[in-house]
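I have placed the structure first, in the form of C-alpha cells, so that the comments after it can refer back to it.
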Amino acid sequence: MQKEYRTIASIVGPLLFVEGVEGVKYGELVGVELPSGEKRRGQVLEVERDKALVQVFEGTTGIDIPETKIRFLAKGLELPLSMDLLGRVFSGLGEPKDGGPRILPERWADINGAPINPYARNYPNEFIQTGISAIDGLNTLVRGQKLPIFSGSGLPHNRLAAQIGRQAEVLGTGETFAVVFAAMGITFEEAQFFIEDFRRTGAIERAVLFINLAHEPTIERIATPRVAFTAAEYLAFAKGMHVLVIATDMTNYCEALREVAAARREIPGRRGYPGYLYTDLASIYERAGRLKGKKGSITFIPILTMPEDDKTHPIPDLTGYITEGQIILSRVLHRKKIYPPVDVLPSLSRLKDKGIGEGKTRDDHADLFNQLFAAYARGKEAQELAVILGEGALSEMDRIYFRFAEVFERRYVSQEEFENRSIEKTLDLGWELLALFPRSELKRVREVILDKYFENGVRKSKETA
C-alpha cells in the first residue's frame, strides 16, 4: 500500500509542492484526495531530495493544504490499449467522453513514449491522398511525414482538419487506415463540430478522438498529444495500420507549457516560452514516422495558429525546424471566399518528390507540379505589375498569366468542403488549366509528357469552356 502524505508546503497555479517524500520518481502518477472525499490525479514534475513538485490534472482549486492527502502511485500516466479505441471519443487523458464503457485493455502503455530512433526509421516514400488538390497536387503528403498547417485566427483550419480526417486514404488494396484526432484547448462548439462531422460522415468508424476543451485543465492539454501518439503507436506498430495523427491547436499546447513553466518560476526564453520548447515539441513530433520491419506508419499533421499571422513566432519557427515542410493558409485567399485558402507559393512539402511519380500517383505528376507552380508564380507577378502600371501595360503573354493565376485559384485551389478529388482528377484539372497557354510556353514539362497529356487537357478545357 502506498504511503500517504499530508505535507503540502505550498500551491502555485496547478502545482503542489510536497515535502518529506521518499522514493518518488519523475513522471510518477499521484493521487490527491481532498477532505470532501473528492479524488484528483497528478504527476510528478520534479524531485529534489525529499521534495516533489506535482502538477494536478484537474487543477488545485479548493485544495485544503493541511487536510489534503497525497499518494505517490509508483507508475506513470498510462493509456489502456485495444482495437476498441476506434470509433470512440475520449478526454485529453483518455477517459471516455461519449457515454460509452471504459476500454477493456489488451495492454497498458505509458503515454511518455520515446521518439523514433533515426537508425530504426524507414524513409517516407508512399503517397497519402487527402482529396484536396492544393495538397495532393502541389504539396504532396507522404506516409510517415510530418507536415504542419500554419494558420491564423479566424481561418478555416478546423474545417480543413475535419476534411482531411474524413477523406485521407492510402491508395492500394488491403491497406488498413485510421485517424487519431487530438484537439487541445478548443471551445465546446468546435468540439461538437468535430464529433458530429466525424459521426455524420461515418469517418468515426476508423477514428479515435481525444478532446481537451478550453475550460479544462491546462495540465491535461500537455498530456493530450502524448495520449494521442500512444494510441497511434499501438494501431500502427502493434496492429499494422497506417495512422494519420491530426493535432489542433499546437499553439494552445505551447501556451499551456508556458503557463506551467511560469508557475515553476523557470527562466523564460523567447516571448516567455520555456527554453526547452524546441526539445519538448521534438519529443512529440519525432514519434511519427515509419519503422524498419513494421508494416504500419504514423503520419502527422499538426495545426497551429500563428499569433498575429507571424511566421517568425517561436511556435511556427521551431515547428518548421522539426517537420518536413508546411502548408500555409492565406488570409487574402480567405477574403476572396476561396476554400481551402492554401497559399501555394510559400507552402512546401520537402518529401513530395518521394511520394509521386509512376506507380505512386502518375508519371506526369512532377512535371505538371513544376509547370503549375512556375505559371502561378509568374501570374502573381503579373497581377502585382498590373496594380502598379495598370492592366493595359501588360504584354499579351502577361495577360494570359494574369488570367491563369485567377483561374488557378478559383478552380484548382478552391473546392467544396465535401468534395473529395482523386489524384487523377487533380492531375487532369492541372492539364486543363495549362491549356490556357500555347504549348511552346510549357518549358518545365518534358516533350514525352506533353505528347501524352497536353492535347487531352486542351480537349477537356474546350469541353468545359
Measure from NZ or CZ of Arg290 to the centre of the six-membered ring of Tyr123 and say whether it is under 6.0 Å with the direction within 45° of the ring axis.
-> no

Could you give the distance from NE2 (His365) to CD (Glu424), rounded to the nearest 0.5 Å?
-> 11.0 Å

Could you grab the distance from atom CG of Asn112 to atom CD of Glu78, nearest 0.5 Å is fine?
-> 10.5 Å

Decide whether a cation-pi geometry holds between Lys292 and Tyr119; the criteria are a distance under 6.0 Å from NZ or CZ to the six-membered ring centre and an angle within 45° of the ring axis.
-> yes

Atom of Arg88, atom of Gly100 and distance for their closest heavy-atom approach = NH2-C, 3.3 Å

Would you say Ser349's side chain and Gly325's backbone share a donor-acceptor pair under 3.5 angstrom?
-> no

salt_bridge(Asp136, Arg421) N-O dist < 4.0 Å | no

Look at atom CZ of Arg265 and say whether more than 12 heavy atoms of other residues, nucleotides or ligands are closer to it than 6.0 Å.
-> no

Would Lys336 and Glu409 pass as an ion pair if we require N to O under 4.0 Å?
-> yes

Verify ring-ring contact (aromatic ring centres under 6.0 Å, His included) between Phe150 and His313, making sure each step is shown before the conclusion.
-> CA-CA 11 Å; Phe150 290 0; His313 187 277; over 10 Å; no

Minimum heavy-atom distance between Ala114 and Arg287, given as atom pair plus value | O-CG, 3.8 Å

Before accepting this row, confirm whether a basic side-chain N of the pair Glu286/Arg121 lies closer than 4.0 Å to the acidic partner's carboxylate O.
-> yes

Could you tell me whether Arg221 sits above the aromatic face of Phe57, with NZ or CZ closer than 6.0 angstrom to the six-membered ring centre and within 45 degrees of the axis?
-> no

